[in-house]
Structure formats: structure tokens, C-alpha cells
Amino acid sequence: MVFNKYKPIFNSSFFLSIIFVAALFILIFISGVSYRYTTSLTDSSTLMVHSYKIRSELEQLVNYLKDAESGQRGYILTRDSLFLRPFLSVREKINKSFTTLKVLSKNNFQQQKNLDSLYTLINLRIAILYNTHDISNSGTFNQDRMVESQVRGEQKTTLVREQVNDMIDFELMYLKVHQGLFEHEISWSPLYTLLLLLFSLLVFIFAYFQINRDIKKLKNSNEELSIAYEAISHAEEIGEFSSWQWHLDSNEFKYSDNQYRLLGYEPRSFESSLHKFLEFVHPQDRHILLESVERIMNERVEPTTVFFRVLRKDGQLRYFKSIGKLFTDASLKKIIIGIHWDITEQHLNRISLEERNRELEQSNSELATFNHIASHDLQEPLRIIQTYISRISEKEVVNMSNTTIGYFGRIQASIERIRILINDLLLYSRTNRGERNFELVDLNN
């Protein structure tokens, strides 16, 4: 019962729109989570590569120092200048490596400080290397000074290695902290994504069935509209009328197929427009149509009916009746709709009927005149007959037999009926001739 109560809401297009909007927001959220996950993964990879580069450069610094020390020892032992190549180029290589490290650690203040300390230690170690080299090349070789210089150099090398190790440890710790944040951030992302995808899938399945149901309804409605359109088209052909629309905002005309047939053309054989239709209207009646359009736009309430003549493609003159009305649709667009009837047959029949009525009226008038004349012409003989019969009846009644008296009675009754008929004819003739005030004929006077 509760479901039936809310079933119209679930089946409404508004609810379906809400479902689609919710699914859209969910997809946007999933896209955001995926983007964040991808960004975090990229940042993590970038951080790992960045940390690897720093550690590699730090190890390279230590290797440059080692090579310089080894080269110096080889030169002291062999006096071969080839061993001095790493020693002589150590400054250039270390400066280049420090430039790279400065760029890599520019966003890390602590590493910048550590790098400055390391640079100071390396400079001290290189200075000791140069001092040892100078001692070895001096004219008076001093073993104690040489040993002291090398011991001091080893101490500085140890400090450099410790500083490098500290920087590497710091970099590893920094990487570990960010890696932990990244793992915590993405630990729930797959589950969120899976749940949201499942929810979105359910939403889209529901939406699919809703859309499929609406499509079936729309298909049935379209079939019904198609049948209705065909029925209207046949009705227009049978009734010899057509429908039209004029969209004022876009100045677009739409004719039904029978509109073209009424003008003697095949459907859709020319572009529909007011100017084109006026070409078919009789030149003397075009102002009627234009004035009716103006009235429709001004009145906007009652339908406007006009009559005008049309010249078809084959030159036939046809009589049209048109009814139009202005209305505003849901999108506030103004449209004039109307119907055209071909009333040529009715018009010709009406003219023929009026002509026959005039002929009939003329015949009735002539007949009434004849009746009037004939009635007046019959009055005098009937009066004479009735007068003589009355005299005979008054003076000779004693000499007449009963049979003769009966004959005279019948003659008087017939005369009376004739008198009534003559009065009726006079009444009819005078009525049709417009004479309303008259007196009936009295044959006794």
C-alpha cells in the first residue's frame, strides 16, 4: 500500500531526473577520488625518483672524494702524474654535483642546511688534500707532517660520510613519512570506488528500466499520434479543409498536406510562407487576409473568420473560409493556428438557391397578382347570380316544388363556397403583395 502511494513519484520524470543527477554526482565523486588517487600515486613516484636522485648525487660526492684520495696516494707512491687526474678534477665535479643537489632540494629547508654543512666539510677535506699534495712535492719531505695531514684528511672524510649518511637517512625518513600518508590516503580508495561503482550500476540499471518503460510509452504514443495524423489527413481530404501554423518568433509556416492539394499542388512541393500563400489569393481579396492577420494579433482571444477567393495552379477560382487564432505555448512562443475550408461547392449552391428563391418569389408574386385579378373578375357574376336567385326564392317560392326549392338551396350553398374561396384568394394575393389591411368580400352587398 505504501509503495502504491508513492508509485507515481517513482514513475515520474522528475524522480528519474533526480536519479540521473545523483548518478552524475557520484560519477564526478568517483572521478575525483580516482584523480586524487592517480595524483597521489604520481606524487609518490615523483618523490621516490627525487629521493633516489638525491641519494645518488650524495653517493657520487663521496665517490669523487674517494677517487681524489686514491689518486693522490698513487701519485705519492709512484710519482706518476696520471694518478693526479681525479685529484685535479675533483673541485669541478663536486661543484657540479652540489649545483644539482641545490636544485633537487630547493623545496626542503632542512636538506638545504645539511647541504651547506656538507659543502663546508668537503671544502675542508679538499683543502687537506691540497696541503698533502704540497707536502709531498716539497723539497724536504717530512714524514710526520705527511702522516698528520693524512690522518686529518681521514677524519674529515669520516665526517663527510657521516653527513652524507645523515642526509640519506633524512631523505629516507621524509620519503617514508610521505609514503605512509599516501598509503593511508589510498587505503580506502578502492573500497570507496567499488561501492560507488556498484551504487552507480544499480542507479543506471534502474534508470535503464525506467527509460525503457518511457520509451515503450513514447513508442505507443507515437503510434497513436501517427494513426491520429493519418485519420486527420483523411478527414481533411474528405472534408476539403486543411490546417496551418505560423510560428511568429521564427516566422516559420507549417501546412498540412491537404493545404497543398487544395491549391492544386503535391504535398511539400513548395516552401510554405505567408508571402507564398498570398500569391494564390485573388488580388482583390489579399487585403482581407492581411487585415485578418492583424486582427488576430490584436484581439488574441476570439477566433477570426474571413472569406476570400483563391486561384489554384490550374487557374480555377475557389472560395475559401479561414478561421485563425493566436495562442502562446508553454515556452511563451506565439503561434497562430488556423483552418482553411474550400467552400466553393457550398458557395455555388447558395448562389443557385438564392437565384431559385428569387425566381420562386417572382412566380408567387405573379400568381398572387393573377389570383387578385381573377378574384375581382369573379365577384361580379357571382353577385348577379346570387341576386337573381334571392329574388326568385322570395317571389316564386309559393309556385315552386320542393325539389326545385332543394335545387336552389344547393345553388346558394355552392355560391357561398365560391365566395369563401374568392375571399381566400384575395387574402393570399394581398398578403403576398404587401397589403395587410383589407376587408373580405361580401357578395350580399
State, to 0.1 Å, how close [X] and [Y] come at their nearest heavy-atom pair, and which atoms those are.
X	Y	result
Ser105	Gln111	CB-CB, 3.9 Å
Leu104	Lys53	CD1-CB, 3.8 Å
Ile54	Leu101	O-CD2, 3.8 Å
Arg309	Gln284	NH2-OE1, 3.3 Å
Ile128	Ser149	CG2-O, 3.3 Å
Ser256	Ser242	OG-CB, 3.5 Å

Exercise. In a check of ring-ring contact (aromatic ring centres under 6.0 Å, His included) between Tyr265 and each of Tyr260, Phe280, Tyr255, which one passes?
Worked result: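 Of all the options given, the one that passes is Phe280.
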Within the structure provided, determine whether [X] and [Y] are in side-chain contact (heavy-atom separation under 4.5 Å).
X	Y	answer
Phe241	Asn258	no
Asn251	Trp246	yes
Arg356	Ser352	yes
Ile288	Phe307	no
Val293	Thr304	no
Arg125	Glu69	yes
Leu58	Leu118	yes
Arg91	Ile122	no

At what distance, to the nearest 0.5 angstrom, does [atom1] of [X] lie from [atom2] of [Y]?
X	Y	atom1	atom2	value
Ile94	Thr99	CD1	OG1	12.0 Å
Ile343	Ser322	CD1	OG	10.5 Å
His340	Gln259	NE2	CD	5.5 Å
Glu57	Thr100	CD	OG1	4.5 Å
Leu311	Leu263	CG	CG	10.5 Å
Arg295	Thr305	CZ	OG1	9.0 Å

Expected list for residues 159-167: side-chain donor-acceptor pairs under 3.5 angstrom, two or more places apart:
residue	atom	partner	partner atom	Å
Gln163	NE2	Asn114	O	3.2
Asn165	ND2	Arg161	O	3.2

Short N-O contact, [X] and [Y], less than 4.0 angstrom:
X	Y	answer
Glu354	Arg350	yes
Asp169	Arg55	no
Asp249	Lys334	no

Look at the side chain of [X] and the backbone N and O of [Y], then say whether any donor-acceptor pair between them is shorter than 3.5 Å.
X	Y	result
Ser97	Lys93	no
Ser221	Lys217	yes
Arg318	Val310	no
Gln112	Lys102	yes
Arg312	Leu262	yes

For this session: Let me see the working for Glu59 and Ile168 under side-chain contact (heavy atoms from CB on, under 4.5 Å), right down to the final yes or no.
Result: CA-CA 9 Å; Glu59 292 289 346; Ile168 291 175; 3.4 Å; yes
[atom1] ([X]) with more than 12 external heavy atoms under 6.0 Å:
X	atom1	result
Lys66	NZ	no
Arg268	CZ	yes
Glu355	CD	yes

Exercise. Please walk me through it: do Val62 and Thr157 pass side-chain contact (heavy atoms from CB on, under 4.5 Å)?
Worked result: CA-CA 8 Å; Val62 176; Thr157 300; over 6 Å; no
For this session: Hey, can you tell me if Phe308 and Phe320 have their rings parallel, tilted or perpendicular (30° and 60° cut-offs)?
Result: tilted
Problem set entry | CA sep, side-chain torsions, deciding dist, call: Asn95, Tyr119, side-chain contact (heavy atoms from CB on, under 4.5 Å) | CA-CA 9 Å; Asn95 288 337; Tyr119 190 70; 3.3 Å; yes
For this session: May I have the step-by-step check of side-chain contact (heavy atoms from CB on, under 4.5 Å) for Asn131 and Arg152, ending in yes or no?
Result: CA-CA 11 Å; Asn131 184 48; Arg152 287 173 55 223; 4.2 Å; yes
Exercise. Between the side chains of Thr344 and Asp342, does any donor sit under 3.5 Å from an acceptor?
Worked result: yes
Do any side-chain atoms of residues 270-277 form donor-acceptor pairs under 3.5 angstrom with protein atoms, and if so which ones, sequence neighbours left out?
residue	atom	partner	partner atom	Å
Ser272	OG	Phe253	O	2.8
Ser273	OG	Lys276	N	3.1
Lys276	NZ	Glu279	OE1	3.4

